[in-house]
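Contents: one structure, followed by commentary.
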Amino acid sequence: MADKQEEAPKADGRASRAQVIGSDSGPEAPFPLRMTGKVVSGFGRGSKELGIPTANIPVDTTPWIETAESGVYFGWASVLLPPSHPALEHTSSTPSQPSTTFTSASTTSIPTLSPPASALEKGWRVYPMVMSIGFNPFYKNTVRSAEVHVMQRFEKDFYGCEMRLCILGFIRKELDYVSLEALVGDIRTDIEVAGRSLGREKWMGLGEAAWLWGEEE
């Protein structure tokens, strides 16, 4: 079972990474996958140690996650933000802000997906994301978790907000790392691969759009 912790392979000695995931024709089965929940407090390491902020949502209400392979996935994340959140001040024409210090120097553009006016007024915003499902063997977690890195810089947290995830593909298996620097380097590549992959027309999540911004349950 995928929800049982197993020893993860070491990250050293791997072949070069794929630069794009999937074909231009779009996601293939079993994707897209859906996941939803309210953002909860996680381990507190993303921003402090890695410089890569993450949002955590509970995994116990998502049936398919029990058999999902531990590793890194990518897709689109929507968040229902409260009226006071500063992110609501940004319009669809506002340039996307890099989500980390190292992505600001990346040549990979950040794809965008904007909800209709009716959803924007309610507080829905949609962003590209990468997420880790697993035990994070570098930190020796004993509980399986889902940690989402939203590829957008936020001035304020959004704990307690509803988040919906449309997962479109699998980037790589969960790995163990010999150093923090190696872990951060691989996450940087994950983000860039996700950005390139989602920037294609058939990967814009349009078939899931109404669900992402709350117009479909």
Side-chain angles (χ1 to χ4, degrees), residues 26-27 31-42 46-47 52-65 73-101 103-104 106 108-133 145-169 190-192 194-217:
F31 303 101
L33 295 170
R34 293 177 176 182
M35 186 173 182
T36 185
K38 292 193 175 183
V39 178
V40 298
S41 178
S47 295
I52 305 164
T54 57
N56 292 61
I57 60 176
V59 300
D60 53 1
T61 58
T62 305
W64 59 261
I65 209 168
Y73 296 76
F74 72 101
W76 297 94
S78 63
V79 188
L80 181 58
L81 297 168
S84 60
H85 199 282
L88 296 183
E89 299 174 4
H90 302 301
T91 66
S92 58
S93 60
T94 303
S96 296
Q97 296 298 311
S99 54
T100 68
T101 54
T103 52
S104 61
S106 172
T108 303
S109 61
I110 302 174
T112 58
L113 183 61
S114 182
S118 58
L120 290 172
E121 289 174 0
K122 293 177 182 177
W124 286 104
R125 295 295 184 272
V126 182
Y127 308 99
M129 66 86 183
V130 290
M131 67 180 297
S132 170
I133 297 175
S145 63
E147 299 178 74
V148 182
H149 173 69
V150 179
M151 294 165 60
Q152 169 73 23
R153 184 175 299 169
F154 289 89
E155 300 173 12
K156 184 179 179 181
D157 292 330
F158 43 85
Y159 291 124
C161 293
E162 180 182 354
M163 173 176 278
R164 296 187 174 197
L165 304 177
C166 172
I167 303 165
L168 298 182
D190 296 336
I191 294 171
E192 293 179 345
R196 283 189 289 268
S197 300
L198 291 171
R200 298 169 293 174
E201 181 182 358
K202 299 295 186 179
W203 291 81
M204 296 299 288
L206 297 180
E208 298 290 296
W211 177 79
L212 272 172
W213 47 68
E215 293 182 351
E216 176 186 309
E217 294 300 326

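Just the heavy atoms: all of them, side chains too, but no hydrogens, waters or symmetry mates, feed the values below. Only a predicted model underlies this, so the values are computations on that prediction, with no experimental measurement involved.
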With heavy-atom distances below 4.5 Å as the criterion, would you say the side chains of F74 and S197 are in contact? yes

Listed by chain and number, what are the side-chain contact (heavy atoms from CB on, under 4.5 Å) partners of P83, not counting sequence neighbours? none

Side chain proximity check, P32 to L168, heavy atoms < 4.5 angstrom: yes

As an exercise, state the distance from OH of Y73 to CG of D190, rounded to the nearest 0.5 Å. 13.0 Å

Side chain to side chain contact (heavy atoms under 4.5 Å, CB included), that's the test. Do V126 and S78 meet it? Break it down for me. CA-CA 4 Å; V126 182; S78 63; 3.9 Å; yes

From CG (L113) to CG (L206), nearest 0.5 Å: 6.5 Å

Rounded to the nearest 0.5 Å, how far does CH2 of W124 lie from CG of L81? 9.0 Å

T36: partners by side-chain contact (heavy atoms from CB on, under 4.5 Å), with sequence neighbours left out: E162, R164, W211

Can you see which heavy atom on P58 is nearest to which on M35, and at what distance? O-CE, 3.6 Å

Note: A55 and F158 closest approach over all heavy atoms is CB-CE1, 4.0 Å

Surrounding CD of E201 (heavy atoms of other residues, nucleotides or ligands, distance under 6.0 Å), is the total greater than 12? no

Atom of P111, atom of G199 and distance for their closest heavy-atom approach: CB-CA, 4.0 Å

Keeping the roles fixed (side chain from H149, backbone from M129), state whether a donor-acceptor pair exists under 3.5 Å. no

Looking at V59 and S145, what are the two nearest heavy atoms and their distance? CG1-C, 3.9 Å

Is the shortest heavy-atom distance from the side chain of V148 to the side chain of T54 under 4.5 Å? no

From R34 atom CZ to T62 atom OG1, the distance as rounded to the nearest 0.5 Å: 12.5 Å

Spacing of N56 atom CG and M163 atom CE [to the nearest 0.5 Å]: 9.5 Å

Spacing of CD belonging to E147 relative to CE belonging to M131, to within rounding of 0.5 Å: 9.5 Å

Does any part of the side chain of V79, heavy atoms only, come nearer than 4.5 Å to the side chain of H85, both counted from C-beta? no

Does W203 reach the main-chain N or O of R196 with its side chain, forming a donor-acceptor pair under 3.5 Å? no

Measure across S118 and E215 and return the closest heavy-atom pair with its distance rounded to 0.1 Å. OG-OE2, 3.3 Å

Verdict with reasoning, S114 to L120, per side chain to side chain contact (heavy atoms under 4.5 Å, CB included): CA-CA 8 Å; S114 182; L120 290 172; 4.2 Å; yes

Closest non-hydrogen contact found for P128 with L198 is CB-CD1, 3.7 Å

